[in-house]
Protein chains: 2
Amino acid sequence: MATTLADVAARAGVSPATVSRVLNGNYPVAAATRRRVERAVDELNYVINGHARALAASTSDMLGVLVNDMADPFFGVMASGIQSAAAAGGLLAIVCNTDGSPQQELTYLKLLQRQRAGAVVLTGGSVEDPEHNRAVASQLSLMSAQGCRVVLCGRPPMRELDAAAAPSVATVTFANREGARALTAHLIALGHRRIGYVTGPAERTTTRHRLEGHRQALADAGLPDDPRLVAAGDYSRASGYDAALELLRREPGVTALVAANDTMALGVCAVLRERGLRIPEDVSVAGFDDLPFSLDAAPSLTTVRVPLRQAGEQAGKLAVGSRPMPPGGLLTLPTELLVRRSVGPAPERSTED
Amino acid sequence: MATTLADVAARAGVSPATVSRVLNGNYPVAAATRRRVERAVDELNYVINGHARALAASTSDMLGVLVNDMADPFFGVMASGIQSAAAAGGLLAIVCNTDGSPQQELTYLKLLQRQRAGAVVLTGGSVEDPEHNRAVASQLSLMSAQGCRVVLCGRPPMRELDAAAAPSVATVTFANREGARALTAHLIALGHRRIGYVTGPAERTTTRHRLEGHRQALADAGLPDDPRLVAAGDYSRASGYDAALELLRREPGVTALVAANDTMALGVCAVLRERGLRIPEDVSVAGFDDLPFSLDAAPSLTTVRVPLRQAGEQAGKLAVGSRPMPPGGLLTLPTELLVRRSVGPAPERSTED
DNA sequence: CTGAAAGCGCTTACAG
DNA sequence: CTGAAAGCGCTTACAG
């Protein structure tokens, strides 16, 4: 059906080997011969068969990227950074949606292994399920042993990796704890004492680290860690909305609401708006990530900037090998507190309860 | 290095053909034999080589998706819809970023052809460059002739396709003109007469269709189409910001500013805010797309909803063949005017100039 | 600089 | 139900 390298060879009056050499440009070929081959390629509209080539050369120019949700800018931006680096390194990035499902994560890894992907980047916080982590770790160890570069982006290093694989697995992570701690400290410095917190989904590293930072700031200030002030979300706007409702019900006296990401913070803002509570005069609100829209929220959202694109680019470079392995295989990118309009001083309140 | 099907066969004491049959499950194999093979597969941690399989079976389970920018939710949401449908159909979606470059569009199409992708979906408005369109069309015709399903999503049908290829190329498009017309008509009904318009990048179908709808509404109302009221953007927030500055400079008396997408509308809002102009009391603002954040803008953005996810799903289904071809190969998805807070009645103004 | 030949790891008629 | 063998379309030592 499709024309093959042999067709081109026949037309150019040379051997298949020569055509291959012209195509790959990795071997000397006489200029005249080269031209004849190139003409034949054009005339026949020849396109090399990537599978045959990958099989014969046992190489692959694919880089797999696993994301929880590509419609979410958090992942979109990271993936875009990875893809740029991959393209610069000559690799074709394959972005796979896991929907945050451990099951699918494993399925896609297997699929990528099948295609003998040259590299794979896992993005976003990982689930803290020991069994699943062991499964992923052994899959990654296997792939690594077969020469696939593996990079973790936006999650902590995996302890479950084989001793053999561990040194070759790079990790790009964010200073989530530090950022969360700085954010809550900022609120406390502004006089807030009853601060509600909306977490991400349970059992995810990102969720835990951000919450730990928040708690650390409370502890630093000698404030109690009241479980009634913590409500669980799942990083979606709707869950932020629901959690804010719940927190307001439990503790009408909160003066600040912190969400573990910007998307949920928008849901929180919506609740306050509907209740007729002013931001930040009545209640301060803060998010995390600094997604593009957070600047345009009403009012602009105080948040913690996470360098998603850079992280993606670094991860991509590690994956294609255009960046040397960092010491210990670990690259920790700093986060930065961004003070904007949604946070203000704690309002004066009559001491109820 | 990696274990092969032959290794599995040896271990299970059967022929490679039998292993292949067990793996593919498309041929009767004795239960006992099957079990022995399955055990060997597990013990050896065998993973089939996708390239060898694709070569031998001359099939591919890849679906390529071309997007302008995957960090942009407009594309992220569409791609996510495509990927869901692809996964449901057993295809692995490959999302490629073209950065809106015709050059890269072609490069990626060639790459996908190499990999013998089973289907390809081109998303977003296309560039109106006759030469480039001919090149893309001939590439798509070629791929289509080789059995690759091609689907256009979010752009108009291509007239440049080969007569042979045309009937098999599906198109999912949006009623951009109608949406834009309804939006501007809404503004006019509220008394706006001097309406600034921020376009997308020149030479893109989406840009042109939305602008045409806007102009149609002006014409419907007998209003002049003043070129000074139109400024060019490129769909980015920054360009919306700059265009708003320009429009305000040219025509300080505008009472409404319409942006060709929500992202630019945010830039427009930022300018008004900085100038101390109230939205919508002093100037109304509207966008297009209804991206997730538009609801949370300050104030919530009046816009035109474009069913991105559905479009992606439909395109994905057409690409995997789980949805029959629509009549004429064309599926036009409706758009819907969403009236929110950023648009209000035109302010009373002293008749300057 | 060029070619003949073996091999990459599968699938699939063809036989039995 | 199972196997031997040819073939998918390339690449790459090996010779010359």
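Quick note on labels: first sequence line is chain A, next is B, and so on, each numbered from 1.
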Could you write out DNA chain D as a dot-bracket string, with dots for unpaired bases, | for bases paired across to another strand, and Watson-Crick or G-U pairs counted at under 3.5 Å? |||.||||||||.|||
Less than 3.5 Å apart, any donor N or O on the side chain of [X] or [Y] sitting next to an acceptor on the other?
X: B:S101; Y: B:T98; result: no
X: B:R116; Y: B:S58; result: no
X: B:S80; Y: B:R309; result: yes
X: A:N24; Y: A:R53; result: yes

Flag side-chain contact, heavy atom, 4.5 Å: A:V67 against A:N97: yes
Gap between atoms NE2 and C1', on A:H51 and D:dG7 respectively (whole Å): 17 Å
Between C:dG9 atom P and B:L44 atom CG, what is the distance in whole Å? 14 Å
5' to 3', nucleotides 10-16 of chain D under a 4.0 Å protein heavy-atom cut-off (B base, S sugar-phosphate only, - none) gives BSBB---
Working for salt bridge (charged side-chain N to carboxylate O under 4.0 Å, His left out), residues A:E43 and A:R11: CA-CA 9 Å; A:E43 288 168 354; A:R11 176 141 196 150; 2.8 Å; yes
Heavy atoms from C-beta onward define the side chain here; which of [options] lies closest to that of [X]?
X: B:A30; options: D:dA4, C:dC1, D:dC1; value: D:dC1
X: A:L55; options: D:dC1, C:dC8, D:dG3; value: C:dC8
X: A:V14; options: D:dA4, D:dC1, C:dG3; value: C:dG3

When the C1' atoms of C:dT12 and C:dG16 are considered, how many whole Å apart are they? 16 Å
Stepwise salt bridge (charged side-chain N to carboxylate O under 4.0 Å, His left out) test for A:R155 and A:E105: CA-CA 14 Å; A:R155 61 173 67 185; A:E105 188 167 271; 3.8 Å; yes
Of all the heavy-atom pairs spanning B:D99 and B:Q104, show the shortest one and how long it is. OD2-NE2, 3.7 Å
